[in-house]
Amino acid sequence: MTSALRRVLVLNAGSSSLKYRLFGVDGGGGTVGKALANGAASSIGDAAGALTHDGATVRPPGGVPSHDAALAAILRHLGPALGAATGPAGRGRGDGGGPPCVPGRFTPGVAAAAAAAAAAAAAAAAAAIRAATPLAPLHNPANLAGIAAAAAAAGPGVPHVAVFDTAFHATLPPAAYTYALPAGLAAAHGLRRYGFHGTSYSWAARHVAPAVGVGRGELNAVVLHLGAGASAAALRNGVSVDTSMGLTPLEGLVMATRAGDVDAGVVLHLLRHAGLDADGVDGVLNHQSGLLGLAGSPDMRTVLAAADGGDAAAAAAVDVFVHRVRRYLGAYLLELGGEPHALVFTAGIGEAAPRIRAAVVAGLEPWGIVLDGARNEAAVADAPADRIVVRVSADASRIPVLVVRADEEREIANHVVEVLREGDPSRAAAGG
Ligand SMILES: Nc1ncnc2c1ncn2[C@@H]1O[C@H](COP(=O)(O)OP(=O)(O)O)[C@@H](O)[C@H]1O
Ligand SMILES: CC(=O)OP(=O)(O)O
Ligand SMILES: [Mg+2]
C-alpha cells in the first residue's frame, strides 16, 4: 500500500505566511525525500507581500491580500507539477498515483487535543477543525481553505492529512496546562493551555538530540521559537513539559501583531471603558499589538532598523520583546533543573537576528550560558545551506546554545509518511 506513496504536498499556513513544499517520497513510501518544488507567500495582508517560487520572487502590486489569494496563486503555479504527480483524476495513492495533499498545522478541537495525534482530515475532521477555529482564528481558516483547494486540484482518491500544531504538547503535565479558573467552568469549555508550534518543536528535538549526543527520549532543552508568532517550550526527556502559548496562540511572548501575555483585567477594561466589543478586543490583541502596536511595524527587521536610526519606540519594543523571552527562559531553566542539554533558537527571528539572541542571553554566564560573538554573528547565514543545527555558544559554555533552521514543512511530511505507513491515521505517533 505504502509503496504507491510518491509525493507529499505540504501547505503550511502561518499567521503572515503560506509556505508550500512538494516532496518526493523514497524507500517505498518510507522516508521523505527531495523537495521537488518549494516556495511561499510572505507578508500576507501587507503591501510588501511577495510570492516566491523556487527562489524567484515576484511582488504583486498591492501585495498578497489574503491567505486565499496566496493559495490560489500557489496552486496556479504548481498546476503542472501537481498534474504530473497525481496523474489522471481518480488515480490515487492505491494505484500508483498521487500526492497526499497536506494542509498542515491546525489547532484541534478539544477532543482531538486530548487524543493527541495527527488525524485524517476527512469531512468530519474538517468540520471539527472549523469548530475549533475560535481557538486559532489566524490559522485554521487558511488551512481549511487549503484542504478544499488542494482537494479540487489533486482530484479524488488522494488522501489528505491534517497535522496538528498542538499534538506535541499533549505531554504537558496538569500543573503546566491548568488555568486557575473554576474547575467546572474550565472543563465545560475546554479552557486549558494547549500550546502551539509543535511541528517546529518536534523538528528541533529530532535534530538537537543527535547534535548534543543524547537520544531523543533523553533530551532536556529550552526551545525559543521566535517568528511572526513566537513561543517558548521546555522539553524534558524529549517531550514538552511547559510552553508559553495557551488556549490560543495569543498567550506568552510578544509577537508580530499579538500582545502575548497581558493581565486579563486589560480585556475587561477595554470592554468596559474603551467602547470595544469582543471583536474589537480580538482585533486589538491579535492584530494591532505586539511589535506592530509598540513600534508601528510587525517585522523585526524594520523595528531593529528603526531602533538603530534612533526611534525610541522601536528600541523600547525590542526591549519589551527580549524581556518577555527572558522571563520564560528563566522559568524554563529552573523547571529543567538548571542544566538542559541545549538552549535552542529557531524560526524567523531566532534564526536571523543575532542581536536578539545576544540580548536574550546577555549576562547569563553565571547560569552556564556563554555566547561566542563571532559564531553568533555568522549564524546562520554563513553556515552551509544543508546544516540544520548551528552552534553559537562558546566552547566553554556549559549549556550549548544552538540555532535550528526550522523546517515545519519537512516535519509535517515526516509525520504524514508515518501516518500513512501506519495505515490507520488515528494510530499515528504524536507529533506536530
Ligand atoms: N534578518 C532578520 N532579522 C530580524 N528578524 C527577521 C529577519 N528575517 C526574518 N525576520 C523576522 O521573522 C519573522 C517571520 O518569521 P517566520 O518564522 O517565518 O514567521 P511565520 O510565523 O509567519 O512562519 C518576521 O516577523 C521577520 O521580521
Ligand atoms: C501557532 C502560530 O502562532 O503560528 P505562526 O507562528 O506561524 O503564526
Ligand atoms: Mg511560523
Side-chain angles (χ1 to χ4, degrees), residues 12 14 17 19 40 42 168 197-214 216 219-235 238 240 243-244 253-256 299-301 303-304 318 321-322 324-326 328-330 332-333 336 339-365 367-411:
N12 176 15
S17 63
K19 298 169 185 163
S42 57
F168 185 76
H197 290 140
T199 310
S200 173
Y201 292 127
S202 170
W203 173 261
R206 189 187 290 274
H207 292 282
V208 166
V212 298
V214 300
R216 191 167 167 182
L219 178 69
N220 298 332
V222 179
V223 186
L224 303 172
H225 175 108
L226 309 179
S231 71
L235 274 53
S240 175
T243 194
S244 61
L253 304 183
V254 174
M255 308 182 216
D299 191 319
M300 184 58 94
R301 285 166 289 204
V303 176
L304 287 170
V318 174
F321 180 94
V322 169
R324 188 77 55 83
V325 175
R326 285 168 65 92
Y328 279 92
L329 172 57
Y332 292 174
L333 286 174
L336 295 177
E339 200 90 343
H341 298 113
L343 166 61
V344 180
F345 287 88
T346 191
I349 297 170
E351 292 166 41
R355 280 163 63 186
I356 298 293
R357 292 195 295 263
V360 166
V361 302
L364 296 187
E365 293 81 4
W367 280 266
I369 296 175
V370 185
L371 221 53
D372 179 294
R375 283 180 192 163
N376 186 47
E377 282 304 318
V380 290
D382 292 354
D386 61 352
R387 177 88 62 81
I388 294 167
V389 181
V390 180
R391 185 180 171 122
V392 293
S393 50
D395 292 341
S397 188
R398 281 205 313 279
I399 302 174
V401 183
L402 306 175
V403 178
V404 168
R405 283 190 167 118
D407 196 342
E408 290 166 304
E409 292 73 31
R410 187 170 281 277
E411 186 66 356

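Here, residue 1 is the first one in the sequence, and each next residue gets the next number. Here the structure is a predicted model, which means the values were calculated and not measured.
Note on ring orientation: taking the six-membered ring where Trp is involved, the planes of His207 and Trp203 are tilted (angle from 30° to 60°). Taking the six-membered ring where the residue is Trp, His225 and Tyr201 present perpendicular rings, their angle passing 60° and hence far from 30°.
Considering only heavy atoms from C-beta on, Arg405 stays 4.5 Å or farther from Thr346 through its side chain. Annotation: side chain of Val322 is not in contact with side chain of Arg355 (no heavy-atom distance under 4.5 Å). Within the 4.5 Å cutoff, the side chain of Ile349 has heavy atoms near those of the Phe321 side chain. A heavy-atom distance below 4.5 Å is found between the side chains of Ile356 and Leu304. Phe345 is listed as a side-chain neighbour of Val361, based on a closest heavy-atom distance under 4.5 Å. Using a 4.5 Å cut-off on side-chain heavy atoms (C-beta onward), Leu364 and Leu329 make contact. Inter-residue side-chain proximity for Leu235 and Val344 is flagged as unmet; no heavy-atom pair is nearer than 4.5 Å. The closest side-chain heavy-atom distance from Pro340 to Leu333 is below 4.5 Å.
Ser244 and Tyr332 share no donor-acceptor pair across their side chains, judged by distance under 3.5 Å alone.
For Arg216, the side chain to side chain contact (heavy atoms under 4.5 Å, CB included) partners two or more places apart in sequence, or in a different chain, are Phe168, Ser202, Ala205, Arg206, Ala209.
In this structure, the side chain of Asn376 engages the main chain of Pro354 through a donor-acceptor pair within 3.5 Å. A donor-acceptor contact shorter than 3.5 Å links the side chain of Glu351 to the backbone of Ala406. For the pair His341 (side chain) and Ala221 (backbone), a donor-acceptor distance under 3.5 Å is absent.
The nearest pair of heavy atoms linking Gly368 to Ser397 is O-OG, 3.2 Å. Among all heavy-atom pairs drawn from Arg375 and Arg391, the shortest one is CD-O, 3.6 Å.
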